[in-house]
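All remarks here apply to the structure that follows.
All heavy atoms count here, side chains included; hydrogens, waters and symmetry mates do not.
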Amino acid sequence: MKTFELEKNIWTEIDFEQMGWHDCFIHAFALDSDAYDDFIQSDLLFDIDYIFKWVLDKDSAHYYFWTAPCTLIFREVTNLKIQYASGTSFLPELEISDIKRKEKLYENGHKSWHWQIELVGDSFISFDSAEYKQVVKRPPTYMDRQAFTRTERGGINFDESI
């Protein structure tokens, strides 16, 4: 097993084009208005396992993953919509299929983004937000699956410190 050199510990919307969230698990999400005095604005926080690199073992044809627990924070979220379809027989994990964005320009010249987090199954989370920050909570681990158990990741938290 080789080591993984993490480029940086904090990623933002500037890095969007080089990031990909396919098959990343969402362990929890929350709305946080503590950062704002008026309690009208909220940040949307996700506690996720982010896959930094997929590694194909040619001998076994099995994938391994460099994965780390991260906090993904979208700032000053508006127009939040959540559609979650759990199926008929079980409650599936929240697994990201893709994250897409479309530029949104307001009449006053303010630029923002409309975000669509597509989840596995017929589910999504969409909202508007000008920026995000993804904080890596610990160095990536090389593993044979895409997500940590709650115990392995140290529980659920929305920590923004490195």
Side-chain angles (χ1 to χ4, degrees), residues 1-32 42-57 60-77 79-87 90-103 112-162:
M1 174 178 55
K2 298 176 183 176
T3 59
F4 183 83
E5 189 72 31
L6 190 60
E7 185 179 328
K8 55 187 166 182
N9 290 316
I10 297 177
W11 301 75
T12 70
E13 68 282 348
I14 296 167
D15 306 305
F16 178 78
E17 297 301 329
Q18 70 186 75
M19 298 181 76
W21 290 268
H22 182 71
D23 284 351
C24 293
F25 278 74
I26 299 172
H27 293 276
F29 63 92
L31 291 170
D32 180 18
S42 290
D43 293 343
L44 179 58
L45 294 82
F46 294 93
D47 188 16
I48 67 171
D49 290 338
Y50 185 79
I51 302 168
F52 282 92
K53 185 174 184 180
W54 298 50
V55 180
L56 175 62
D57 179 69
S60 67
H62 181 80
Y63 277 97
Y64 291 83
F65 309 91
W66 284 101
T67 306
C70 295
T71 300
L72 175 59
I73 306 133
F74 290 90
R75 302 286 184 204
E76 299 181 22
V77 168
N79 299 318
L80 175 64
K81 293 177 185 74
I82 299 173
Q83 177 177 304
Y84 181 70
S86 67
F90 63 95
L91 192 64
E93 301 279 342
L94 290 176
E95 182 180 337
I96 299 171
S97 177
D98 196 9
I99 296 181
K100 297 178 180 179
R101 70 179 182 178
K102 184 177 179 182
E103 189 174 57
S112 186
W113 297 99
H114 177 73
W115 299 92
Q116 176 103 358
I117 300 176
E118 297 174 354
L119 304 172
V120 170
D122 194 20
S123 303
F124 68 86
I125 302 169
S126 69
F127 51 89
D128 297 335
S129 174
E131 60 187 64
Y132 74 82
K133 174 171 75 168
Q134 181 168 298
V135 179
V136 181
K137 295 188 253 191
R138 70 172 190 235
T141 300
Y142 188 74
M143 48 200 262
D144 64 354
R145 58 193 194 287
Q146 297 163 321
F148 295 98
T149 65
R150 187 173 55 202
T151 303
E152 289 172 334
R153 66 193 319 277
I156 292 171
N157 73 67
F158 299 102
D159 195 6
E160 291 186 49
S161 61
I162 301 168

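Distance NE2/His27 to CZ/Phe148: 8.5 Å, rounded to 0.5 Å. Note: Asp159 CG to Leu45 CG = 11.0 Å, rounded to the nearest 0.5 Å. The CD atom of Gln83 sits 10.0 Å away from the CG atom of Leu119 when rounded to the nearest 0.5 Å. With rounding to the nearest 0.5 Å, the separation of CG in Leu56 from NE2 in His62 is 10.0 Å.
Checked against Ile117 for a side-chain contact (heavy atoms from CB on, under 4.5 Å), the options Leu44, Leu94, Ile96 give a single hit: Ile96.
Nearest heavy atoms, Phe52 versus Ala68: CE1-CB, 3.9 Å. Residues Thr67 and Asp49 come closest through the heavy atom pair CG2-CB, 3.8 Å. Across every non-hydrogen atom of Ser112 and Ala130, the tightest pair is OG-N, 3.3 Å.
Contact check for Phe46 versus Phe74: side-chain heavy atoms found under the 4.5 Å cut-off. Annotation: side chain of Leu80 is in contact with side chain of Ile125 (closest heavy-atom distance under 4.5 Å). Using a 4.5 Å cut-off on side-chain heavy atoms (C-beta onward), Pro140 and Leu6 make contact. For the pair Lys133 and Ile10, the minimum side-chain heavy-atom distance is below 4.5 Å. The shortest distance between side-chain heavy atoms of Glu118 and Lys100 falls below 4.5 Å. Looking at Glu95 and Asp23, their side chains come closer than 4.5 Å, going by heavy atoms from C-beta outward. In this structure the side chain of Phe158 never reaches within 4.5 angstrom of the side chain of Asp32, judged on heavy atoms. Residues Ser129 and Val77 form a side-chain contact, since some pair of their non-hydrogen atoms from C-beta on lies under 4.5 Å apart.
For residues 138-148, the salt bridge (Lys or Arg N to Asp or Glu O under 4.0 Å) pairs, not counting sequence neighbours, are Arg145-Glu152.
Taking the side chain to side chain contact (heavy atoms under 4.5 Å, CB included) definition, one finds that Glu103 meets it with Lys111, Trp113, sequence neighbours left out. For Lys53, there are no salt bridge (Lys or Arg N to Asp or Glu O under 4.0 Å) partners, not counting sequence neighbours. Annotation: side chain to side chain contact (heavy atoms under 4.5 Å, CB included) contacts of Lys81 (sequence neighbours excluded): Asn79, Phe124, Ser126. With sequence neighbours left out, Phe65 forms a ring pair (Phe, Tyr, Trp, His ring centres under 6.0 Å) with Trp54. Scanning for side chain to side chain contact (heavy atoms under 4.5 Å, CB included) contacts around Gln134 gives Trp11, Met19, Trp21, Ile48, Tyr50, Cys70, Leu72, with sequence neighbours left out.
For the pair Arg101 and Glu13, the salt-bridge criterion is not met [side-chain N within less than 4.0 Å of a carboxylate O].
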Q | Stepwise side-chain contact (heavy atoms from CB on, under 4.5 Å) test for Thr12 and Glu131 | A | CA-CA 7 Å; Thr12 70; Glu131 60 187 64; over 6 Å; no
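Within 6.0 Å of NZ on Lys102 lie no more than 12 heavy atoms contributed by other residues, nucleotides or ligands. Heavy-atom contacts from other residues, nucleotides or ligands closer than 6.0 Å to CZ of Phe29 number 12 or fewer. Residue Asp122 places its CG atom among 12 or fewer non-hydrogen atoms of other residues, nucleotides or ligands, all under 6.0 Å distant.
Ring pair Trp115/Phe16 is perpendicular by interplanar angle, where above 60° counts as perpendicular and below 30° as parallel.
Close placement of the Tyr142 and Tyr64 rings is indicated, their centers lying within 6.0 Å of each other.
Although no hydrogens or angles enter the test, the distance criterion places no donor-acceptor pair under 3.5 Å between the side chain of Asn9 and the main chain of Val136.
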